[in-house]
Amino acid sequence: MPAEIIDVHTRSSDGIVATDIPKQITEGLLRPFGQKQLPTMLLYDERGLRLYDDITTKVPEYYLFGAEEEILKNKADEIVQAMHRGAPASADEVILELGAGALRKTSHILLGLSKLVKKANTSSSVTYYALDLEKDELERTLDQISSSEIGQKLNGAVNTKGMWGTYNDGLKFIEEGGLVSQKFTSGISSIGNDGFVPSQVSSDSSDSDSNPPSTPGGPIPPLHIMFLGSTLGNFDRQGASAFLRSLPLRPGSGDTLLIGLDHDNDKDLIEEAYNDTKGYTKRFIFNGLKAAGRALGNEHLFDESKWDYVNRYVQEERRHEAFFESKCDQTIVEPATGKPVTFLKGELLKIEESYKFSETDTYILFTDGNLRPIQRWTDEQSRYSLWLLERPPFKFPLLRSPSSPLNKDLGEVSLSPFGVPSRDEWRDMWACWDFITTQMIPPSMLFQKPIDLRHICLFYLGHIPTFLDIHLSRLLKEPHTEPEGFKRGIDPNVDDPTECHPHSEVPIKDEDWPSLSSILDFQAAVRARLMRLYDNIDAGGLILTRKIGRVLFMTLEHEAMHVETLLYMLLQRAGTGTIPPPGFVTPPWSSLLEGWKKIPAPPNKSVILGPATVTLGHHDLEAEDATSADVGTHEFGWDNEHPKREVHVKEFKIEWRPVTNGEFYKFYTGQGKGKVEFPASWVEDDDGVKVRTLYGPVSLEVAWDWPIVTSYNNLSTYAIVKGGRLPSEPELRLFYDKFEAGYEGGANVGFRNWHPVPATTGWERNNGKGTNGGVWEWTSTEFGKVDGFVTSELYPGYSTDFFDGKHHVVLGGSYATIPRISERRSFRNWYQKNYPYAWAGGRVVYDMPAN
């Protein structure tokens, strides 16, 4: 029985397939010298696909196909399990492959899916759709699959169908409900360039072949998209991010994307991959000339004898380019316009470009594309990666393109990512806060203290809007926001808004606290008040001053820091009360562990740095707010970040990686017995020591190479017994400046994960930059006054209450630290030395012998 093919082409009112390929060809040919090009799509007609198949089967130099096939062959079952969070496949589930080709690699995933369906022992099946440009090739490859031994194994578990059209045609078809029956249209969602936008699908946009759910109106089954072959590299970098944003993946839904990306490999390796000695690639590329002529009505428009194939890899751009090179001066007549197109001898006509991805490129791509990595698989030679991604329920963007509440229509934007927060920054922060407070704290925990030294959970829900409201009232000289039914006792700061420490007494009895609903009403009212302030600024009714900017910065970052406080409190009840992050794929621990074990160990355990002069802090004197007009360019910070100062450090040796759980466990059970305390980040049960995560405790084996999270006292003792010490603030800052990759480079901050990960050291990828695994790091520097310190007028007790000799500076950021804090070089955090709960680890420093 022939394969079922759905025609998803966008057509005009008279039924003609809408295509702009001839227009793209014409526009590309009429460009100036050195800029002429043809659309890459021309390469993938029916003959082109077969020629490409020759490359993948007969050209060993073309490592991309082999590397990806190796991963899929060895890891398909693991990948399928990760796609489904370890659960059975859902009824009516759809797997869509963009640009399916010959399906050789895909067959491994299809077999993995069939095993998952059969393991569930259910009559349900999943449907795989292969989307491609050529109908004949779709029919051929799908028929080949169904008639093969693979097809027999898929029978009853995986249905294979085709989707005939372009990427845009197929994605539009899905967004408009083409794969969903009429009974199942409610809640279909589409993705715009700005992210998730719910939409309703019209009742006539249904596919009669789709299986309706067992319960009409039930949850929409997951959509899994596959985009293999490093095809995304054919987009430029901005276009690739925009394409990923456009994919119809619903946040927090279980939808996933499996995508292949080529690494920024050696130049010779890449150029040889695209220009093999036997000429298979050349034949594939030259088919594009015929396709171009055919699209313009004359297959012989280009005389192949007058052209050659050349390629090059532009290393600094990490971009491979393929060209036709004119062997002589020649002129063709463009049929549509009748215009002559002249080529000079040696002139290049681009037909394809393929971007490669460094670690930084990859994380920029995913973050800009509003995606979060779940897991990564690489081939044995680490030349290529398959990534499994999801659309997260909330996100924090990169800091490369900051914007402020200044009037954008007038071109007024903040030039500092650490300047005045934009509306979007507030929305991202609120999405994060609401996610944690309303979805991870069950009602039974609202009146509990996960940590005895802290308040009950409910306190923090009221404290955050109260703090914001207090400072808006002081700034604007207006009354406090106080909806009916709200008890001001939720936050003692209201008695004196200039003081945050020490707090006055809070309610003792549960019944004396405001209700959750009244707190949320109050929160909504305060947020609306803040947005009215932005409206007033945008309308010109209020001039944005640096004082206003400082209040906005301070209140946003105050909320961000309390997110982390609340989470490390909730960590203590994870597995016994705290709800794991809903809507984020549960980490496939055993599979992740296998990948973590492959992270290359550093060739040397430590590196020698110094002597050097290190710059700390930045210039941000609050007293200048009243007279300074540089609000659009200013970098705000807390009072302890000022002033900018230089510190000399001697030569020292510092370990590449923070102390791990495994290293500390061996110490705790050996040399450290009786010297250190059992870390609060661990828990012990009948199965032994486990490490706390917000998903519940995991085995020590899984977390063996994660950085240990424990008190300063514990880590200092460890370092001393090992013959070293913890680094000073300038020493750790010098190390970070040289080797820390940051948020763009993949650092585990901004909720990329909800747990630490093993540290990377950088030399294996990413130009020598690495990440510390997602924890703050202790320093031996006491938190105290520095020369030039001035107490904040807006928040006098922020720093000074902790200048007591008991607190130490920590640097960096944890996996729950927002990027504007973790990336601000001058930011200083601090905790009491014996405090066991903060997400802080540390690395060992060794003094160098005197000459």
Side-chain angles (χ1 to χ4, degrees), residues 396-429 467-468 471-472 474-476 498 530-531 533-561 615-646 733 737 742-744 750 786-796 798-800 811 813 817-829:
F396 289 97
L398 298 169
L399 300 179
R400 295 179 298 120
S401 303
S403 62
S404 80
L406 295 154
N407 193 322
K408 296 180 185 178
D409 292 337
L410 300 178
E412 297 173 348
V413 296
S414 174
L415 300 180
S416 171
F418 313 112
V420 182
S422 68
R423 293 174 187 264
D424 285 345
E425 283 187 84
W426 278 105
R427 291 177 182 130
D428 292 338
M429 190 69 255
F467 184 90
L468 173 59
H471 285 282
L472 289 178
R474 293 181 62 208
L475 174 71
L476 303 172
T498 67
L530 179 66
M531 289 297 101
L533 172 63
Y534 279 76
D535 291 341
N536 200 7
I537 292 170
D538 286 344
L542 184 66
I543 302 299
L544 180 63
T545 63
R546 227 168 76 173
K547 182 175 181 180
I548 294 174
R550 187 174 300 280
V551 169
L552 295 172
F553 133 79
M554 183 182 71
T555 49
L556 177 89
E557 293 198 3
H558 172 263
E559 184 164 345
M561 287 185 276
T615 301
L616 299 177
H618 68 163
H619 184 83
D620 176 40
L621 193 58
E622 191 175 322
E624 295 176 355
D625 288 352
T627 56
S628 180
D630 67 341
V631 65
T633 59
H634 187 68
E635 177 179 314
F636 290 101
W638 297 88
D639 56 10
N640 65 74
E641 297 177 53
H642 174 86
K644 187 175 182 179
R645 54 202 181 277
E646 292 186 343
R733 173 49 57 199
D737 286 348
Y743 190 49
E744 283 195 0
V786 298
D787 289 343
F789 170 82
V790 180
T791 302
S792 169
E793 294 181 10
L794 288 175
Y795 197 161
Y798 176 76
S799 296
T800 54
L811 297 181
T817 305
I818 67 168
R820 74 173 282 141
I821 289 178
S822 67
E823 298 298 283
R824 189 164 72 247
R825 188 180 174 279
S826 58
F827 186 86
R828 307 168 83 214
N829 203 353

Visitor: Spell out, as yes or no, whether a donor-acceptor pair under 3.5 Å connects the side chain of Glu823 to the backbone of Leu399.
Guide: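 No: the side chain of Glu823 does not pair with the backbone of Leu399.
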Visitor: Is there a side-chain contact between Met429 and Arg820, using heavy atoms and a 4.5 Å cut-off?
Guide: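 The answer is no, as the side chains (C-beta and beyond) never meet within the 4.5 Å cut-off.
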Visitor: Stepwise, does the side chain to side chain contact (heavy atoms under 4.5 Å, CB included) test hold for Leu530 with Leu552?
Guide: CA-CA 9 Å; Leu530 179 66; Leu552 295 172; 3.4 Å; yes
Visitor: What's the shortest heavy-atom distance between Val631 and Thr545, and which atoms?
Guide: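 Of all heavy-atom pairs spanning Val631 and Thr545, the closest is CG2-O, 3.7 Å.
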Visitor: Looking at side-chain heavy atoms only, is the closest gap between Glu744 and Leu398 below 4.5 Å?
Guide: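 Yes, close enough: below the 4.5 Å cut-off.
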Visitor: First locate atom OG of Ser826, then atom CZ of Arg645, and finally report the distance between them rounded to the nearest 0.5 Å.
Guide: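 The CZ atom of Arg645 is 9.0 Å from OG of Ser826, to the nearest 0.5 Å.
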Visitor: Taking Asp538 first and then Arg423, would you say they form a salt bridge - that is, a charged N and a carboxylate O separated by under 4.0 Å?
Guide: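 Salt bridge between Asp538 and Arg423, a charged N being under 4.0 Å from a carboxylate O: yes.
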Visitor: Could you measure the distance from the CG atom of Leu794 to the OG1 atom of Thr555? Nearest 0.5 Å is fine.
Guide: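 Atom-to-atom, Leu794:CG and Thr555:OG1 are 10.0 Å apart.
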Visitor: How long is the gap from NZ on Lys644 to NE2 on His619, to the nearest 0.5 Å?
Guide: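 One finds 10.5 Å between NZ of Lys644 and NE2 of His619.
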Visitor: Is it true that a side-chain atom of Arg733 and a backbone atom of Arg825 form a donor plus acceptor pair closer than 3.5 Å?
Guide: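 It does hold such a pair.
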Visitor: Taking the side chain as every heavy atom from C-beta outward, state whether Arg828 and Ser799 have any atom pair closer than 4.5 Å.
Guide: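 No, every pair of side-chain atoms sits at 4.5 Å or beyond.
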Visitor: Identify the heavy atoms of Asp639 and Ser792 that sit nearest to each other, and give their distance.
Guide: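 That closest heavy-atom pairing would be OD2-N, 3.2 Å.
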Visitor: On a heavy-atom basis, which atom in Pro397 and which in Pro819 lie closest, and how many Å separate them?
Guide: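 Heavy-atom minimum between the residues: O-CG, 4.3 Å.
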Visitor: Given Phe553, which partner from the list Phe418, Trp426, Trp638 fulfils the ring pair (Phe, Tyr, Trp, His ring centres under 6.0 Å) test?
Guide: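 Of all the options given, the one that passes is Trp638.
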Visitor: State whether the side chain of Tyr795 and the backbone N or O of Met554 hold a donor-acceptor pair below 3.5 Å, judged by distance alone.
Guide: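 Absent.
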Visitor: Just jot down the side-chain hydrogen bond (donor to acceptor under 3.5 Å, both in side chains) partners of His642, sequence neighbours excluded, or say none.
Guide: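 His642: no side-chain hydrogen bond (donor to acceptor under 3.5 Å, both in side chains) contacts found.
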Visitor: With rounding to the nearest 0.5 Å, note down the distance linking CG in Leu556 to CD1 in Ile818.
Guide: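 Going from the CG atom of Leu556 to the CD1 atom of Ile818 covers 5.0 Å.
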Visitor: Report the residue from Ile821, Thr817, Leu811 that forms a side chain to side chain contact (heavy atoms under 4.5 Å, CB included) with Phe827.
Guide: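 Only one option passes, and that is Ile821.
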Visitor: What pairs of residues pass the salt bridge (Lys or Arg N to Asp or Glu O under 4.0 Å) test when at least one of them lies in residues 617-635, not counting sequence neighbours?
Guide: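 Those involving residues 617-635 are Arg546-Glu624, Arg546-Asp625, Arg546-Asp630, Arg550-Asp620, Arg550-Asp625.
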Visitor: Can you tell me how far apart OH (Tyr534) and OG (Ser422) are? Round to the nearest 0.5 Å.
Guide: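 Result: 7.0 Å between the selected atoms.
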Visitor: In terms of ring plane angle, is the pair His558 and Phe467 parallel, tilted or perpendicular, where the classes change at 30° and 60°?
Guide: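 Ring orientation, 0 to 90° scale: parallel.
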